[in-house]
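Only a predicted model underlies this, so the values are computations on that prediction, with no experimental measurement involved.
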Amino acid sequence: MNAGALQSVRGLWIIPFMALHLVSTAARAQAPNDDSHGMKQMMTFAMNKMGEIRMSGDMDKDFATMMKMHHRQAVHMAQMELDHGKSIAMKAMATEIIAAQKKEIEQFDEWLATQK
């Protein structure tokens with residue numbers, strides 16, 4: 001993998017974190033008196049998981065690894081919505097996200113298992 005491509009892949013870790021940050025900021029601005037425990041859990045989960053990613057230098061493996069982590073974060077966020085959200089529409093979307101993302105995580109796991 002060339003240096004430019006490796007830098008681009010390494011920079012991708014920030015995307016899920018920034019999305020969580022924006023959601024968290026918006027939630028606090030809209031409801032400053034609400035319990036933000038769920039948002040804190042999402043942020044902690046994202047930060048902890050991002051520290052687990054180790055780049056291999058193989059674009060395909062790094063893509064699969066990072067996308068798997070991204071999907072795990074989506075599942076976690078969707079579960080937090082199910083646990084703490086109030087909107088029926090958002091809970092329905094969260095349920096769909098969990099099912100779809102888990103399926104894709106399995107696909108990444110299967111592919112990664114063949115790469116060892």
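Under the 4.5 Å side-chain criterion, counting only non-hydrogen atoms from C-beta, W111 is in contact with D60.
Using modelled atom types, no side-chain atom of D62 and backbone atom of M55 make a donor-acceptor pair closer than 3.5 Å.
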Compile the donor-acceptor pairs under 3.5 Å between side chains in residues 99-110 and protein atoms, sequence neighbours left out, one pair per line.
residue, atom, partner, partner atom, Å
Q101, OE1, H71, ND1, 2.9
E104, OE1, H71, NE2, 2.5
D109, OD1, K68, NZ, 2.6

Would you be so kind as to tabulate the donor-acceptor pairs closer than 3.5 Å made by side chains of residues 87-95, with sequence neighbours excluded?
residue, atom, partner, partner atom, Å
S87, OG, A89, N, 3.3
S87, OG, M90, N, 3.1
K91, NZ, L82, O, 2.6
K91, NZ, G85, O, 3.2
T95, OG1, K91, O, 3.0

